[in-house]
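Single-structure report; data block below.
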2 protein chains.
Amino acid sequence: MTDLKVQHILTLTQLIARGARHNFVPITTSYLGKSIKKSQQSASKHLRELEEDGFIERIMNGRKFSVKITSKGYSEMVKLSSILKSSLNSFPSFVELKGTLVSGMGEGAYYMSLKGYTKQFKSKINYIPFPGTLNVKLHEKEYIEAAQQFRTLNGVTIKGFCDSKRTYGWVKCFKGKLNNSIDCELIILERTHHDDSIIELISKTNIRKTAKLRDNSKLTIRIPIKG
Amino acid sequence: MTDLKVQHILTLTQLIARGARHNFVPITTSYLGKSIKKSQQSASKHLRELEEDGFIERIMNGRKFSVKITSKGYSEMVKLSSILKSSLNSFPSFVELKGTLVSGMGEGAYYMSLKGYTKQFKSKINYIPFPGTLNVKLHEKEYIEAAQQFRTLNGVTIKGFCDSKRTYGWVKCFKGKLNNSIDCELIILERTHHDDSIIELISKTNIRKTAKLRDNSKLTIRIPIKG
DNA sequence: ATTACTAAACATCGAGTAA
DNA sequence: TTTACTCGATGTTTAGTAA
């Protein structure tokens, strides 16, 4: 079976858009060339090749051609469209991060326990996190890079606030699963005190205890992505 | 702005299918080559070009690469997919036939008045046609060809039957509009007594009279297509 | 105006091969 | 094993031009 050439995709798309699915539509090669951003000569060749491969039919009317797409040509385009569409929808919609547990300096724990934050946690993620964040060191570049994208993704946003002394930045939360079993949230801080290779997790309970983790324990965090 | 090259479409599709939308996925050029039915060298070049144009990011891990699609690359694919999809759905879904009125030999009128047919007309197209079909001569090849496709399309099917003398073939009906105003049906006969350039129309009333048509009057018939 | 040929430029591919 | 270079073969585009 003759396969549709990649460079003919645009040409066929253009023909379909002009209504050539069911009717012979008059179309000049120079017009077609412009619409596919190629020369008149290329358009002419495309049409000849498409005809030869049975994807279109042409009828000459004086010096002009009218073109109609065959059912073979149409079904080829439908096939292509559905391959594209399904691959766009079927990707595993989560980000996986792998790293090891490291001990934080207690800073995260302190900040996350502030009333200004806990009130919002209660209403937005439905629990007040265990006081103490889990710091995970990402060793591989690909995970460090992957973690960065959460800065631009939309998560549950905990607003910043200020007291008499200073202002506290916003916190973004992304629901995830630790080691395929424990619910947690990846938190992204507006002003982080870590370098990019360390991420912070919060959860309802003291994961370190309940999951019997120690420093350097290997961790996998999987965070679902919507959209 | 750098445009996505057509030959890279398959490569990007493959990467998306492998989950490279949100994560860096390890993929070798020889594997990728196989999946896009090109050589290892071509796959390698594709990746280099895609990276250069900002459609993917790569991270080297030992001798292997991990690849992730950038949001630019992803949106390019979404754009392409939606262009394809919308052009597949938006074509004008009708066939237009142009021709002139010719006088038939009264044959069609006779057959269509047979009880075996009229009973079915009543129940399947909700009226008994005026006794007398309208014959339209198609002069241009494109319309003759276009009319042919109704032989393979699905319409309302009036079953054939037989009496003591002979058998009568099936009739397929396609609802249409004559000269943008008059309801009619294009009928396709299993055994036609015309050459391909003549089509037959039936309708509730005597169109020849009500629309004041005479032989050689120019006619345009538009028939909606479903699917 | 058309379509389409030729010929040369340009892009893409893949075998061989280096690192 | 990798990735990616060179380079010759093949495919694609286009300017010029014929019909």
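Residue numbering restarts at 1 for every chain, and letters A, B, ... go by the order of the sequence lines.
Overall, the helix from C/dT2-D/dA19 to C/dA19-D/dT2 carries an axis bend of 30° between its ends, with five pairs at each end and the value rounded to 10°.
With A/Lys72 contributing its side chain and A/Asp53 its backbone, the two residues share a donor-acceptor pair below 3.5 Å. In this structure a side-chain-to-backbone donor-acceptor pair under 3.5 Å is missing from B/Gln14 to B/Leu32. Formation of a donor-acceptor pair under 3.5 Å by the B/Arg151 side chain with backbone atoms of B/Leu189 is found in this model. In this structure a side-chain-to-backbone donor-acceptor pair under 3.5 Å is present from B/Thr70 to B/Phe55. Side-chain N or O atoms of B/Asn23 include one that pairs as donor or acceptor with a backbone N or O of A/Phe94 at under 3.5 Å. For the pair B/Lys68 (side chain) and A/Ala146 (backbone), a donor-acceptor distance under 3.5 Å is absent.
Taking atom CD1 on B/Ile27 and atom P on D/dT1, their separation rounds to 18 Å, with Å as the unit. Taking atom CG on A/Leu10 and atom C1' on D/dT13, their separation rounds to 14 Å, with Å as the unit.
Phosphate contact (OP1/OP2 of D/dT14, side-chain N/O of A/Ser42, threshold under 4.0 Å): present.
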Could you walk me through whether A/Glu145 and A/Lys141 pass salt bridge (Lys or Arg N to Asp or Glu O under 4.0 Å), step by step?
CA-CA 6 Å; A/Glu145 282 266 355; A/Lys141 264 186 284 181; over 6 Å; no

Is there a salt bridge (Lys or Arg N to Asp or Glu O under 4.0 Å) between A/Arg48 and A/Glu51 once you walk through the steps?
CA-CA 5 Å; A/Arg48 274 174 284 150; A/Glu51 184 177 40; over 6 Å; no

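Residues meeting the side-chain contact (heavy atoms from CB on, under 4.5 Å) test with A/Lys85, sequence neighbours left out: A/Asn89, B/Ser81, B/Lys85. For B/Ser39, the side-chain contact (heavy atoms from CB on, under 4.5 Å) partners two or more places apart in sequence, or in a different chain, are B/Gln41, B/Ser42.
Using a 4.5 Å heavy-atom cutoff, the side chains of B/Leu88 and A/Tyr74 are in contact. Side-chain contact between B/Asp196 and B/Gln148: present, with at least one pair of heavy atoms (C-beta onward) separated by less than 4.5 Å.
Looking at heavy-atom distances under 4.0 Å, B/Ile36 makes no contact with the nucleic acid at all. Nucleic acid contact for B/Ser44: base, since at least one base atom lies under 4.0 Å from a heavy atom of the residue.
Shown for residues 59-70 of chain A: residues whose heavy atoms fall under 4.0 angstrom of DNA chain C, namely A/Met60, A/Arg63, A/Phe65.
Bounding nucleotides for the chain A contact on DNA chain C, 5' to 3', at a heavy-atom distance below 4.0 Å, are C/dA1 to C/dC5.
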Summarise how protein sits on nucleotides 6-12 of chain D as a single string, 5' to 3': B when a protein heavy atom is under 4.0 Å from the base, S for sugar-phosphate-only contact, - for no contact.
------S

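Defined by atom type and a distance below 3.5 Å, a donor-acceptor pair is present between the side-chain atoms of B/Ser197 and B/Asp195.
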